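Notes follow the structure.
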Amino acid sequence: MSLRSCVAALVIAFVFNSSAAFAESDSLSVSKRPKVGLVLSGGGAKGMAHIGILKKLEEVGLYPDYITGTSMGSIIGALYSIGFTIDELEDFARNSDWLKLMSNSLDSKLISIRQKDDYGWWPVEFTFEDYKPVLSSGMLEAPNLSNFFSKKTWRTAGINKFDDYPIPFRCYGVDILKSDTVEFSEGDLARAIRGSMAIPLVFSPVLIENQTDTMLIVDGGVMHNFPVTDVIKMGADIVIGAYTGFEDVVTADEMNSITKITGRVLMFGGVTDSRQQVEKVDYLITPDLKGVQPADFLKADKIIKLGEDAANEHLAELKKLADSLNAIEPRKRPDSLINSDTIVVNHVVINGLEYTNSETAYGIIDIADNQKVTSDMIEEAITRLYATLLYKSIYYSITTGYDGKITLTFNVKEKGLTQFSVGGYYDNIYNVGLTLKFSQRNFLWKHYDAYVFANINQYPGAKVQISRNVGKKDVWTLYSKAEWNSDYKTIYDGSKRRGDLDFMHASWDLAGGSRTIGNYTLAEASPLIEFLLLDSDEDNNISKDIPPYTSCFQEGIRLAVKHNTLDNNLYPKNGSRWHFEAKGIFNAKEKIDGYDDVNKNVVNKNCKYLKLSTDYERAFTFNYKRWKNTSTTLVPWAAAGISTKQIISPDKFYLGGFEYNMRYGQTPFIGLQPNQVCTDNFSAIGLTVRQEFHTYFNAVLRVNALAAYDELTDLGNPSLSTIGLGAGILIRTPIGPICFMNGTDTNLQKDYYYFNIGFNLPYIK
């Protein structure tokens, strides 16, 4: 038994032998009541056992006077110290989306409509610094986690000192610049616990700068995983320790992976320090967590129960301690900090802006000095900033100055000016390909951005765009865009393949666009110049009524509206997407070769036509309580196209194929090969059912119906009507979807299969 344990035992004995004497003087009893310190170690997900231990401490009437914690212990300890109840802590552990929180990915719904088309499609991304490529560090900035902590600790806004919490609190990190332990006792609580749990090589270090020092903080468990001496310094007479960290001694068989070995080495200093700290604990609770890994955040129920079981083993002595202390002075659970809905912010500051237009950044935040704000308003402001995809990380802090005024500070870390992204794919339609994206901010002029997309395979494509965002809130955009696409259009006679025509499309437009509803809707208008071509050397394989060469140079205008609230463009579970485009061509110069038997050239000048197209999809997901990793997603969709009779052949509507095998100007339709239907007008509806058996494995069922019309007057008599059916599997991987589908249709009754691996840009958008 330690010296402190002996002192605690003497206190208990003294209390029971002299209770009458203590009752005679309230002031004397208050002055002699020993203070209880609670120490919560790190341990990743294993630290959720602290919640079960706290639950049992409350059951016997023990409420700590001080709390110290490291890593996960700092998170649980911080929330408890500011007033979270056991029920709230259990909800925090069980119902938080840990996979999302501990990742760099953002919900696609949050991304600006301007950036959404290719978001999340790039397996490899890197920036250029000093003209040298710099790959990602592999560490997680975890922006969702930082903002999550800020929202959970909102009630501390304006309280700088951790001693002013209902239960005084401390947490610990390690400054890798000075190789020293750092104690957090004041400042932004969310930032402190984010630094305390920044596991090296997993999470990026947390940069903390003030007027006197600069620190780069990693997980406190590296050197100080069990801060017992610190709670004693705070004033604790009796120490209760909950240890969920690394085992003091492990076997060689347990060190059977590089992850376990690396983790053990990284935390070796913390393990050594914990051995010394344990000796100073009066009541040590160590849950049996064998088989539980630090990353097992989805096992909250089990881990909390293990914490309860461990506390139950000490329940009698803890109850005895509680009774003795409460006989001196009854102590109830301290009141929670008031969780005010709003606070008045006197100053708003954005730190870290180097490349971004500061006026635009402040406009996007849209929070002014001396304004009432809520946590939701701040979260929405951060969301709008993230939606620009210009920032690696964003977090905020709320501090009170010596003058009593409150400052709201947004700290941002910008991405580099130059970024390069690479993806690859294979499918049974276009074979092997490579997709590239290059972006350059402040291109030629400040605040002008350049983008280059390239799709490299036997049918390549490219797009170059220079854009400029206008307005304080980044609502308006002006851009100039040039694009080029190549493909092939197969001529079919029913299901019989007659031959292929090479297809080319080139265009230029100068557009103006505006986000009309938040980040989700964009309206654009632009003048348009296009060149389209259909060409083939396989004259003998082409039906005589199909010209082997058609080209057209045309001018017109384009109007488009895009709306997208899908949570994921590739694997949507919720949200909707709608696209409408109207193209009016007022000067189409069409040239047709081989129009008759003598190979006479026919040139049609000044053709005019109107082309309207729209498509819509809506995703719904049903989750099952019994099977947590299982869900069913329904995606009903519809598409339609209308054109006047003068529309040129290369610009007609082409339908067929699966959505992961699409290119420019195509509409997917399961049961048909790509481009199998070429028509002037069409309408189609469909339903996709995706049954998720695991986060990464899906079974897919698709049904769709099509009606094609030569003229709009034939609505009751389509030239083609068919229903397509398809089924297959979809596997989500870091390099993109792996999908195999088999389909047929009721008209031609011929089976087709579709297969792809990786991210194939459907078309250059």
Side-chain angles (χ1 to χ4, degrees), residues 1-41 50 53-69 73 76-78 80-86 159 161-171 183 185-186 226-243 276-285 311-337:
M1 181 178 289
S2 69
L3 178 61
R4 299 192 58 79
S5 298
C6 293
V7 172
L10 290 173
V11 168
I12 295 171
F14 181 71
V15 168
F16 279 97
N17 292 331
S18 311
S19 58
F22 282 111
E24 292 177 359
S25 173
D26 290 341
S27 62
L28 181 62
S29 67
V30 170
S31 64
K32 291 192 175 182
R33 183 187 185 279
K35 300 292 185 180
V36 177
L38 176 64
V39 184
L40 305 178
S41 77
H50 296 320
I53 295 170
L54 284 167
K55 185 176 183 178
K56 290 299 177 178
L57 292 179
E58 285 198 358
E59 285 184 9
V60 300
L62 266 177
Y63 298 96
D65 297 280
Y66 310 103
I67 298 178
T68 59
I76 303 300
Y80 190 73
S81 72
I82 65 177
F84 271 62
T85 66
I86 297 299
I159 302 176
K161 293 184 177 180
F162 297 176
D163 281 339
D164 293 335
Y165 297 163
I167 303 175
F169 173 72
R170 299 285 188 275
C171 65
E183 178 183 83
S185 61
E186 61 182 10
F226 199 40
V228 178
T229 53
D230 308 271
V231 82
I232 296 172
K233 290 178 183 178
M234 292 178 72
D237 301 298
I238 300 170
V239 178
I240 301 172
Y243 188 76
Q276 302 170 359
Q277 299 289 324
V278 163
E279 297 177 358
K280 301 176 177 65
V281 175
D282 300 303
Y283 299 89
L284 180 64
I285 304 173
N312 281 332
E313 295 177 6
H314 301 268
L315 208 59
E317 56 183 324
L318 292 173
K319 180 70 167 62
K320 189 175 181 180
L321 173 63
D323 290 343
S324 67
L325 294 174
N326 290 329
I328 301 173
E329 177 196 357
R331 176 171 167 79
K332 296 182 179 179
R333 193 185 197 286
D335 294 333
S336 170
L337 288 176

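Note that the structure is a prediction, hence the values are computed from the model and not measured. Along the sequence shown, residues are numbered consecutively beginning with 1.
Here the CG atom belonging to Leu57 is positioned 6.0 Å from the CG atom belonging to Leu318, to the nearest 0.5 angstrom. Atoms CD1 and CD1, on Ile159 and Ile82 in that order, are 9.0 Å from each other to the nearest 0.5 Å. Ile232 contributes atom CD1, which lies 8.0 Å from atom CD of Gln277 (distance to the nearest 0.5 angstrom). Here the CD atom belonging to Glu183 is positioned 9.0 Å from the OG1 atom belonging to Thr68, to the nearest 0.5 angstrom. Remark: His50 NE2 to Ile285 CD1 distance equals 10.5 Å, nearest 0.5 Å.
In this structure Ser336 satisfies the side-chain contact (heavy atoms from CB on, under 4.5 Å) test together with Arg155, sequence neighbours excluded. The salt bridge (Lys or Arg N to Asp or Glu O under 4.0 Å) test applied to Lys161 returns no partner, not counting sequence neighbours. Residues satisfying the side-chain contact (heavy atoms from CB on, under 4.5 Å) criterion with Lys233, sequence neighbours excluded, are absent altogether. In this view, Ser41 and Thr244 satisfy the side chain to side chain donor-acceptor pair (under 3.5 Å) rule, not counting sequence neighbours. Partners of Val278 by side-chain contact (heavy atoms from CB on, under 4.5 Å), not counting sequence neighbours, listed by chain and number: Phe226, Leu284. Listed by chain and number, the residues in a salt bridge (Lys or Arg N to Asp or Glu O under 4.0 Å) with Glu313 amount to none (sequence neighbours excluded). In terms of the side-chain contact (heavy atoms from CB on, under 4.5 Å) criterion, residue partners of Asp65 (sequence neighbours excluded) are, by chain and number, Arg33, Lys35, Val36, Arg331. Phe162 pairs by the ring pair (Phe, Tyr, Trp, His ring centres under 6.0 Å) definition with Tyr165, not counting sequence neighbours. Taking the salt bridge (Lys or Arg N to Asp or Glu O under 4.0 Å) definition, one finds that Glu59 meets it with Lys56, sequence neighbours left out. Looking at residues two or more places apart in sequence or on another chain, you find a side chain to side chain donor-acceptor pair (under 3.5 Å) between Asp163 and Arg170.
Side chains of Glu317 and Tyr283 form a contact here, defined as non-hydrogen atoms less than 4.5 Å apart. A heavy-atom distance below 4.5 Å is not found between the side chains of Ile53 and Ile240. Between Val60 and Leu321 there is no side-chain heavy-atom pair separated by less than 4.5 Å. In this structure, Tyr63 and Ile167 have side chains that are not in contact, with every pair of non-hydrogen atoms separated by 4.5 Å or more.
Summarising the geometry of Ile328 relative to Pro34, their closest heavy-atom pair is CD1-CD, 3.7 Å, with the distance given to 0.1 Å. Here the closest heavy-atom approach between residue Val239 and residue Val281 is recorded as O-CG1, 3.8 Å. When every heavy atom of Met234 is checked against every heavy atom of Ile67, the shortest pair comes out as SD-O, 4.3 Å. Across all non-hydrogen atoms, the minimal contact from Leu38 to Val231 is N-CG2, 4.1 Å. In plain terms, the two heavy atoms of Pro166 and Ser81 that are nearest each other are CD-O, 3.2 Å. Nearest heavy-atom pair, Gly69 versus Pro227, reported as atom, atom and distance to 0.1 Å: N-CG, 4.0 Å.
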